[in-house]
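Here the structure is a predicted model, which means the values were calculated and not measured. Every chain is numbered from 1, with letters handed out A, B, ... down the list of sequences.
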Number of protein chains: 2
Amino acid sequence: MGGFAMYLCRQKTLKMRVISRLGEYGLRALMYMAAHKSDTGYFNIRVMSQELDISFHFLTKILQGLTQRGLLQSYRGPNGGIGFLVPPDQITLATVVKALEGDDFFQNCLLGLPGCGERQPCPMHVFWTALRESLQTEFETTTLDDLGTQTLERHLRLKA
Amino acid sequence: MGGFAMYLCRQKTLKMRVISRLGEYGLRALMYMAAHKSDTGYFNIRVMSQELDISFHFLTKILQGLTQRGLLQSYRGPNGGIGFLVPPDQITLATVVKALEGDDFFQNCLLGLPGCGERQPCPMHVFWTALRESLQTEFETTTLDDLGTQTLERHLRLKA
DNA sequence: TATATTTAAGATAAAACACTCTTAAATATT
DNA sequence: AATATTTAAGAGTGTTTTATCTTAAATATA
Ligand code: FES
Ligand code: FES
């Protein structure tokens, strides 16, 4: 495991979990798939689970979910696997995250109060919604394909 | 329960949980205390738990933690309660959140990968750290006392 | 057809998180 | 001193999240 896949190994504990494991694993797997082109168009889930150090069955379930939502397609049997149904340059991070975490992902109050934006806003509302919209915009304008190249550009810019 | 306390009732489900229940309840309780001055300097936890619709024992435990960390002081017995040890205009949101969620609260990778900022950054790193720093800066420069007035100002600005 | 491979689906288990309960300690009031 | 009130502390319970296990279905190969 090297190069782009280096981004994709596991940790034990974490704080400020903006994205759940579902979202993390799903995103990492899709990033992996977008970065590693496949001859057949299909990726073996077990291999991926080993490369990414994610539980095979758990990853299977997550990808299964993305298949059911029409982002991926699967093929059973030898040399089967999972592949993009929608091409990765047309899948935004927002689409992935909403598919895995729920459509209301970008609508929550920082303090966990109900009806953010509908009822009277909490004291953090103005600040939080601005930040949240930045996050949402970035997620909506970044595709899976973008990630590798964007990162490369940023690295260059950082080192310059 | 009205006015400022209106911000402070409970919901059932939530997504994108930036702050855990611990942090949410702790922040809401401290916001309540900062907004409602007390004659004795102490607030009854049971009353607070009812006003905020938070489990009494759970809230007790959370405030207990903040007492142990030197932010609050408690007084047992009749007319006892919990009060600020550090005045609320000197307690930043960052202090509260770090006390409740851990000191590494503002240091986590968006994708949950280990060693954000130490190892080679993940594809979201540059974008995420910028956003995360905004959040951190806001939390570090906003005190509990600020919240009420800031909110008021913002409401006025919004309606103007 | 028989066998191996691979994902699908559902049940089960473990871990983390969010409470809840009980008892103890401190304080005030009587 | 006795009693009521209030927080402290720790054990216990329930729920959600995360992970695992088992069996089924689909496909390829021999
Ligand atoms: S109501 Fe809290 S962030 Fe919108
Ligand atoms: S390494 Fe992922 S956000 Fe820093």
Side-chain angles (χ1 to χ4, degrees), chain A residues 10-26 28-29 33 38 40-50 52-85 100-102 112, chain B residues 10-26 28-29 33 38 40-50 52-85 100-102 112:
Chain A
R10 187 205 279 179
Q11 80 172 14
K12 297 300 168 207
T13 64
L14 77 132
K15 297 280 179 182
M16 185 152 75
R17 169 174 312 184
V18 174
I19 302 176
S20 78
R21 298 275 180 191
L22 235 63
E24 289 173 18
Y25 294 170
R28 282 167 60 203
M33 289 167 61
S38 156
T40 64
Y42 290 100
F43 295 85
N44 184 298
I45 300 183
R46 187 169 293 280
V47 170
M48 249 199 300
S49 77
Q50 286 161 354
L52 302 179
D53 191 23
I54 297 172
S55 149
F56 165 69
H57 287 101
F58 196 27
L59 183 57
T60 298
K61 189 142 296 197
I62 291 167
L63 297 177
Q64 200 176 315
L66 292 174
T67 303
Q68 288 163 350
R69 285 160 197 275
L71 286 165
L72 301 178
Q73 59 187 330
S74 69
Y75 202 88
R76 302 191 206 186
N79 307 319
I82 199 117
F84 287 109
L85 184 55
L100 291 170
E101 310 267 358
Chain B
R10 188 205 279 177
Q11 81 172 15
K12 299 298 169 208
T13 65
L14 77 132
K15 297 280 179 183
M16 185 150 76
R17 170 174 310 184
V18 175
I19 301 176
S20 78
R21 297 275 181 193
L22 235 64
E24 289 173 17
Y25 294 170
R28 282 167 62 203
M33 289 167 62
S38 156
T40 63
Y42 290 101
F43 295 84
N44 183 300
I45 300 183
R46 188 168 293 279
V47 170
M48 250 198 300
S49 77
Q50 287 161 353
L52 301 179
D53 191 22
I54 298 172
S55 148
F56 165 69
H57 288 102
F58 197 26
L59 183 56
T60 298
K61 188 144 297 195
I62 291 168
L63 297 177
Q64 201 177 315
L66 292 174
T67 303
Q68 289 164 349
R69 284 160 197 275
L71 285 165
L72 301 177
Q73 59 187 328
S74 69
Y75 202 89
R76 300 191 206 187
N79 306 319
I82 199 114
F84 288 110
L85 183 55
L100 290 171
E101 310 268 359

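Here C:dC21 presents its C1' atom at 16 Å from CG of B:Leu59, a figure rounded to the nearest Å. Rounded to an integer number of Å, the gap from CG of A:Leu100 to P of D:dT18 is 11 Å. At whole-Å resolution of the value, CZ in A:Phe58 and P in D:dT16 are 16 Å apart. One can place CD1 of A:Ile54 at 13 Å from C1' of D:dT18, the figure rounded to the nearest angstrom. Summarising the geometry, the separation between OH on A:Tyr25 and P on D:dT18 is reported as 8 Å, rounded to the nearest angstrom. When rounded to the nearest whole Å, the span between CG of A:Leu52 and C1' of D:dT18 equals 17 Å. Whole-Å rounding puts the B:Ile62 CD1 to C:dC19 P distance at 8 Å.
Judged as a side-chain hydrogen bond (donor to acceptor under 3.5 Å, both in side chains), and not counting sequence neighbours, A:Ser74 has no contacts. Residues passing the ring pair (Phe, Tyr, Trp, His ring centres under 6.0 Å) test with A:Phe84, sequence neighbours excluded: none.
The aromatic rings of B:Tyr42 and B:Tyr75 sit tilted relative to each other, their planes meeting at an angle between 30° and 60°.
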Where protein sits on nucleotides 4-13 of chain C, one letter per nucleotide: B base, S sugar-phosphate only, - none, heavy atoms under 4.0 Å: BBBBSBBB--
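Heavy-atom minimum distance, B:Ala29 versus B:Leu63: CB-CD2, 4.1 Å. For the pair A:Ile19 and A:Glu24, the tightest heavy-atom approach, listed with the atom from each and the gap, is O-OE2, 3.1 Å.
Distance alone, capped at 3.5 Å, is enough to place a donor-acceptor pair between the B:Glu101 side chain and the B:Ser20 backbone.
OP1 or OP2 of C:dA15 has not a single side-chain nitrogen or oxygen of A:Arg21 nearer than 4.0 Å.
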